[in-house]
Amino acid sequence: MSAATGQDDCNALVKPSGNPKFGDYQANGIMALAKKLNTNPRQLAQQVVDKLDIDDICETPEIAGPGFINLRLKTNFLVDRLLEINADANNRLAVDKVADAQTVVVDFSGPNIAKQMHVGHLRSTIIGDSISRMLDFLGHNVKRQNHIGDWGTQFGMLIAYPDWRIKCESQAPEGAEPLIDAVGNRCIEDLEWLYKEAKRVFDSSSEFADFARKSVTQLHNLHPATVKLWKNIVDESRKHYQPIYDRLSVHLDKSNERGESFYADKLAPAVDWLKDKGLATKSDGAMCVFLDGFKNKEDQPLPFIIQKSDGAFLYATTDLAAMRFRLDELGAKRIIYVTDARQKLHFQMLFGTTEQAGWKDDDVKLQHVTFGTVLGEDGKPFKTRSGENIKLSDLLDEAVTRAKAVVESKNPDLSDAEKDKIAKAVGIGAIKYADYSNNRESDYVFSFDKMLAMEGNTAPYMQYAFARIKSIERKAADKGVDIEKDLKGLKKLNLTDAAELDLAKHILRYSEAIESAAAECRPNYLTSYLYELSQKFSTFYNDCPVLIAEADKRPTRLLLCKLTEKTIAHGLTNLLGIEVVEKM
RNA sequence: GCGCCUGUAGCUCAGUUGGAUAGAGCAACGGAUUUCUAAUCCGUAGGUCGCAUGUUCGAGUCAUGCCAGGCGUGCCA
């Protein structure tokens, strides 16, 4: 376009065609440029087409409608690309690494110590994981940060409660057990019980509330006995959430933990820095940063509170300290926060303060990746009947149990071990996929029935496509087919059937899916791609027999199977952390 | 009050810096299995893209106003 017009600022806007009759790709950019140059778009399109040198890729471009340029890929081009992927020892599936690799911090999951992970943690945990996986695959230097809640106000009451109970032992209810010695050996359910008890008392007794606050101070001053108790509780909690990460195939472990406690000694310096700069001022006793454009109900400036009137720090402080650490120590060029949409205002203020403070260079991108709420069938936030949060472990258990029942009915002859493996992959995959496949910004209704229906756009549909390919591979030997031999060093293909061409073209579009999903942190772009791939494969599978195909057709079809298999496996397992299975 | 998000087929949802006749799945209806897994495939039907005005060659997409729901809005995270 530049060559045809002499303009350097033009964008061809080449996109996949909305309708197959317009070819494979269409250039939408001509009309806008023609308008800018005040010229006839169809004539301009012709001029651009005359300058185009893409004979090796496409058939002769067609000009259509008001000035679209329609492009149809040459079969030879498709063949060359497929063979290239087949020969690629690195298994990149035609996805290039980015030229400008960046250090990207991804902050996600963030469970609270001493509380079981519940359905509210699901989205941050798995969306963050998938974003990390995609960016990593594209060649970025990804630093996963699990900002666990281990140091806040609520943590004080947890530590304080046993002591306080002993003080008040005379008022203790009948049968209450002494807690202080036992806490270190508690399992997560007891810790959670302890947490709830402490919270209840905290809310009803100002005396205990004061006591709990002192306890936080003791912890923050690194009082040895208090710290010891704290460590026990943190370790105990990790024993709970690590297995959940493992079950979800989420790549988080102790090495990614940088909880609130990690920033403990960086809080005061951050506040001091802002005070010294004159950005932070006292208002109603609290240390606040006031930013332009933020108003409260009374149309007064809305504060970003960085230190409470009692001198204690809060989550804004921790986030500011973490921000500096990530920028200065981790060298982040992009920081992605994966939290629910309700925290939007907080992050706007955090980013604004960071901006004002001059902590970040202009080329550093701060991004709040939000998501909606998981709802129950009643359209309200997903809770148990008694109003409690639904535990993630219970949710996973139920999904696996339900999936097991389906496996039993569909495929009763498999061994128990196989059934369990499939149930695990299908059940947990279904939960994750249902989440990923929604636009993350919408709320969605959690429904086991829908996600495990195994029809339509669900994980099992893709797992099934994968299993069918594996089945073909298992049967090959019986039919006298040596797949290795057919595919190794394959030099030419025989691509003719509509289903073959359709599938081939889609396989080659994997990189488009990953790049758009990663650019906008939208895993649903990837799930859509994988679903379409599986659909096209199923059509192909129906129309085009593989093992009994003519000798000149068979390698082509085997290759399409192999590449579909690799792409599904890569997309599901490597990028979404959903297992595939050989049989189902 | 102000701010943000959401509103697309009966239901659940896609829809990529504005592109051609708005797409899937479920549910409904009709068909396909002597052939590699029918957890599949093919087809039919189903729409005032919340409402209105505007911007333009072109609007589900952008702007403005309105309606409905959700969330947020000074010491929780």
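So you know, we letter chains A, B, ... as the sequences are listed, proteins then strands, and number each from 1.
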>> With the six-membered base ring of B:U16 as reference, does the ring of A:Y525 sit under 5.5 Å away with planes under 30° apart?
In response: yes

> Hey, is A:Y531 doing a stacking thing with B:A24, by the 5.5 Å centroid and 30° angle criteria?
Replying inline: no

Looking at [Y] and [X], is any side-chain nitrogen of the basic one under 4.0 Å from a carboxylate oxygen of the acidic one?
X: A:D449; Y: A:R402; answer: yes
X: A:E512; Y: A:R509; answer: yes
X: A:R342; Y: A:D340; answer: yes

Could you work out which one of [options] sits closest to the side chain of [X]?
X: A:F68; options: B:A20, B:U37, B:U16; result: B:A20
X: A:Q535; options: B:A20, B:C36, B:G25; result: B:G25
X: A:S283; options: B:G74, B:A14, B:C57; result: B:G74
X: A:T539; options: B:C75, B:C41, B:A39; result: B:C41

Heavy atoms under 4.0 Å, any strand shown: does [X] hit a base, just sugar-phosphate, or nothing?
X: A:S528; value: sugar-phosphate
X: A:N28; value: base
X: A:I469; value: nothing
X: A:M584; value: base
X: A:L547; value: base
X: A:A467; value: base
X: A:Y461; value: sugar-phosphate
X: A:Q343; value: base
X: A:S309; value: base
X: A:K297; value: base
X: A:S516; value: base
X: A:N524; value: sugar-phosphate

> What's the verdict on side-chain hydrogen bond (donor to acceptor under 3.5 Å, both in side chains) for A:D319 and A:Y263, showing C-alpha distance, side-chain angles and the deciding distance?
Replying inline: CA-CA 9 Å; A:D319 276 341; A:Y263 301 102; over 6 Å; no

>> Does A:K36 have more than 12 heavy atoms from other residues, nucleotides or ligands lying within 6.0 Å of its NZ?
In response: yes

Please check the phosphate of [N] (OP1 and OP2 only) for any side-chain N or O of [X] closer than 4.0 Å.
X: A:K470; N: B:U37; value: no
X: A:N439; N: B:G15; value: yes
X: A:S442; N: B:A14; value: yes
X: A:R522; N: B:A14; value: no

What integer distance in Å separates [X]:[atom1] from [N]:[atom2]?
X: A:K475; N: B:U37; atom1: NZ; atom2: C1'; result: 7 Å
X: A:M349; N: B:G72; atom1: CE; atom2: C1'; result: 12 Å
X: A:K295; N: B:G74; atom1: NZ; atom2: P; result: 15 Å

Tell me the partner of [N], counting only Watson-Crick (N1-N3 plus N6-O4 or O6-N4) or G-U wobble (N1-O2 and O6-N3) with both under 3.5 Å; none if nothing fits.
N: B:U56; result: none
N: B:C75; result: none
N: B:G7; result: B:C67
N: B:G43; result: B:C29

> Please walk me through it: do A:N524 and A:R440 pass side-chain hydrogen bond (donor to acceptor under 3.5 Å, both in side chains)?
Replying inline: CA-CA 8 Å; A:N524 65 311; A:R440 61 175 162 73; over 6 Å; no

With no angle test and no hydrogens, is the base of [N] tied to the side chain of [X] by a donor-acceptor pair under 3.5 Å?
X: A:Y315; N: B:A77; answer: yes
X: A:T458; N: B:G25; answer: no
X: A:N70; N: B:A20; answer: yes

>> Return whichever of A:Q26 or A:R440 has its heavy-atom-nearest nucleotide of RNA chain B closer to the 5' end.
In response: A:R440

>> Judged by each residue's nearest nucleotide on RNA chain B, which is more toward the 5′ side, A:M31 or A:P460?
In response: A:M31

>> So does A:A114 get a backbone contact from the side chain of A:S237, meaning a donor-acceptor N/O pair under 3.5 Å?
In response: yes

>> Do A:L274 and A:L320 make a side-chain contact, defined as non-hydrogen atoms from C-beta onward lying under 4.5 Å apart?
In response: yes

